[in-house]
Number of protein chains: 2
Amino acid sequence: MIASSAMSVRRLQIREIVLNSALYLFSQKGYFSTSIPDIVCHSGVSTGSIYHHFADKQDIARALYDRHVTQMEVMFDDIEQQHGQVEVRCREIILALFELTEKEPMVMAYMLRTRHQEFMPDVAPVCSSRPFQHMRDVVLKGMNEGEIRQMDVMVATVCVFGGALEFIQFHLDGILEKPLSECFDELWRHVWASVKA
Amino acid sequence: MIASSAMSVRRLQIREIVLNSALYLFSQKGYFSTSIPDIVCHSGVSTGSIYHHFADKQDIARALYDRHVTQMEVMFDDIEQQHGQVEVRCREIILALFELTEKEPMVMAYMLRTRHQEFMPDVAPVCSSRPFQHMRDVVLKGMNEGEIRQMDVMVATVCVFGGALEFIQFHLDGILEKPLSECFDELWRHVWASVKA
DNA sequence: GTCTATACTGCGATAGAC
DNA sequence: GTCTATCGCAGTATAGAC
């Protein structure tokens, strides 16, 4: 029992090592320009071992995607737990995304800048992913409860979060001189002004 | 002279045929999932002929990129010629992008959704491309002339154009039920309200 | 300039010893 | 479960006839 539990811990460790190397390489060079030998070399895990833990290359990409969709869902759920007001929720979501971008830029690069559908045929478009659905739902709630002006839900969602997401892309491209955190207040003020009831 | 001119017309024709097939395939399946045989098959131009007109696969992608960067620059220059007021210029730029998206979705898909740096090492990030610089400059002019409130230029640019670009992505993902043109007025009203002086 | 046939490379995936 | 060695193949690019 203890042995099997230790084994499965070890099993998870190897998976994590491979996933972290894949995250680095995929976010740096992209999925197609990263070969299995690249992952072997960077992770120190052998080809055979990688294929023991993952079905194929695509399966690595999928596990990575799932891991970080979950990470973001947890993040958003926490915010929902802690804050009831829609204005605050939206603000905290953008703040959390900015913080994640600065702390774990590879995660954001892989999640936002990758065309996952190009190599995972059955994945939904980013904007149908659960984290994005969450953003849409917050905005919808804001409109139903009168915090946000009545308008098309997609237009409102894009007004609230579109600028921030674009901003994150710029930061990942390295063309912003200032850190994201310094731009947050100014961005948020204008964004919220454009939709608040 | 006439012969050589006719030759070069023919030369350009073949290039255009190949580029148009590449545009279709790249925007549909992505650069890496599109093989030279795919392009041969779709364009009806033989492998040898393709390699006579282009140095390699990357060169096709680059020619395509240049062609449409130019197309967008021309579009934006026309707007600049016809309209002096910054508010109108910004509005017309977004309108032009929406129209291009509906008329030539493959062009927008290739330009906006492709990570060109993944296969063209020396290309600048999208946001440093000339069309994007143009948007930034219009916003800057608006701030200098008092049409747009004083703030960080990138924040303002993102407030004005970020939502529209995000919206276009959603449309390309096929998750918007309405056509872009129907959302334009509402989007524009809120966007401009968030930055106007 | 355009074609067909093919050479070459590098990758994804597997086999099989330990 | 992990490793090394290797197979088979897809895909880029070239050679060379026409």
Side-chain angles (χ1 to χ4, degrees), chain A residues 1-26 28-65 114 116 118-122, chain B residues 1-22 24-26 28-65 114 116 118-121:
Chain A
M1 212 67 155
I2 289 167
S4 110
S5 152
M7 293 280 270
S8 89
V9 166
R10 174 77 187 137
R11 183 180 170 78
L12 286 174
Q13 278 176 349
I14 294 273
R15 276 181 72 93
E16 287 302 302
I17 290 168
V18 172
L19 287 181
N20 288 335
S21 282
L23 175 61
Y24 173 78
L25 293 164
F26 289 170
Q28 212 79 2
K29 318 199 296 170
Y31 175 82
F32 291 100
S33 305
T34 300
S35 66
I36 297 292
D38 286 339
I39 299 177
V40 169
C41 180
H42 184 270
S43 67
V45 178
S46 70
T47 315
S49 206
I50 290 177
Y51 277 97
H52 180 75
H53 290 278
F54 298 93
D56 51 23
K57 187 182 169 185
Q58 199 186 113
D59 189 40
I60 301 176
R62 179 176 307 278
L64 203 52
Y65 181 77
T114 305
H116 299 97
E118 223 170 292
F119 48 90
M120 301 190 299
D122 54 329
Chain B
M1 212 66 156
I2 288 165
S4 109
S5 151
M7 294 279 270
S8 86
V9 166
R10 173 76 188 138
R11 180 178 172 78
L12 286 174
Q13 277 176 348
I14 294 274
R15 276 182 71 93
E16 288 301 303
I17 290 168
V18 172
L19 288 180
N20 289 335
S21 283
Y24 174 78
L25 293 164
F26 290 170
Q28 213 80 1
K29 318 201 294 170
Y31 176 82
F32 290 101
S33 305
T34 299
S35 67
I36 298 293
D38 286 339
I39 299 177
V40 170
C41 180
H42 185 270
S43 66
V45 179
S46 70
T47 314
S49 205
I50 290 177
Y51 277 96
H52 179 76
H53 290 279
F54 298 93
D56 51 23
K57 187 182 169 185
Q58 199 185 112
D59 190 41
I60 300 175
R62 178 176 309 278
L64 203 51
Y65 182 76
T114 304
H116 299 97
E118 223 169 292
F119 47 90
M120 301 190 300

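Residue numbering restarts at 1 for every chain, and letters A, B, ... go by the order of the sequence lines.
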side-chain contact (heavy atoms from CB on, under 4.5 Å) with A:Ile50: of A:Ile17, A:Val18, A:Asp56, only one passes, and it is A:Val18
Next on the checklist: Using a 4.0 Å heavy-atom cut-off, does A:Thr34 contact any base of the nucleic acid, only the sugar-phosphate backbone, or nothing at all?
Outcome noted: sugar-phosphate
Of the listed C:dT14, D:dT12, D:dC3, the closest approach to the A:Ser49 side chain comes from D:dC3
It should be established whether A:His52 places a side-chain nitrogen or oxygen under 4.0 Å from OP1 or OP2 of nucleotide D:dG1.
yes
Between CZ of A:Phe119 and P of C:dC11 the distance, given in whole Å, is 17 Å
State, yes or no, whether a side-chain contact exists between B:Phe54 and B:Ile36 at a heavy-atom distance under 4.5 Å. no
Separation of D:dT14 atom C1' from B:Ile50 atom CD1, nearest Å, is 14 Å
Note to self: When you compare the side chain of B:Phe26 with that of B:Thr114, does any pair of heavy atoms fall below 4.5 Å?
What the structure shows: no
Taken to the nearest whole Å, NZ/B:Lys29 to C1'/D:dG11 is 12 Å
From CD1 of A:Ile36 across to P of D:dT6 the rounded distance in Å is 20 Å
Taken to the nearest whole Å, CD1/B:Ile39 to P/D:dT12 is 8 Å
Against the side chain of B:Thr47, the closest entry in C:dT14, C:dA5, C:dT2 is C:dA5
Using a cut-off of 4.0 Å on non-hydrogen atoms, how would the nucleic acid contact of A:Ser35 be classed: base, sugar-phosphate, or nothing?
sugar-phosphate
Residue pair B:His53/A:Asp56 against DNA chain C: nearer the 5' end by closest nucleotide is B:His53
Taken to the nearest whole Å, CG/A:Asp59 to P/C:dG12 is 14 Å
A:Leu12 CG to D:dG1 C1', in whole Å, measures 15 Å
Looking only at D:dC3, C:dG12, D:dT12, the nucleotide nearest the B:Tyr51 side chain is D:dT12
- Task: Determine, for B:Tyr31 and B:Lys57, whether the Lys NZ or Arg CZ falls below 6.0 Å from the six-membered ring centre while staying within 45 degrees of the axis.
- Result: yes
Here the distance between atom P of D:dT12 and atom CZ of B:Phe32, to the nearest Å, is 11 Å
Using only atom types and a distance under 3.5 Å, with no angle test, would you say the side chain of A:Arg15 pairs donor to acceptor with the backbone of A:His53?
yes
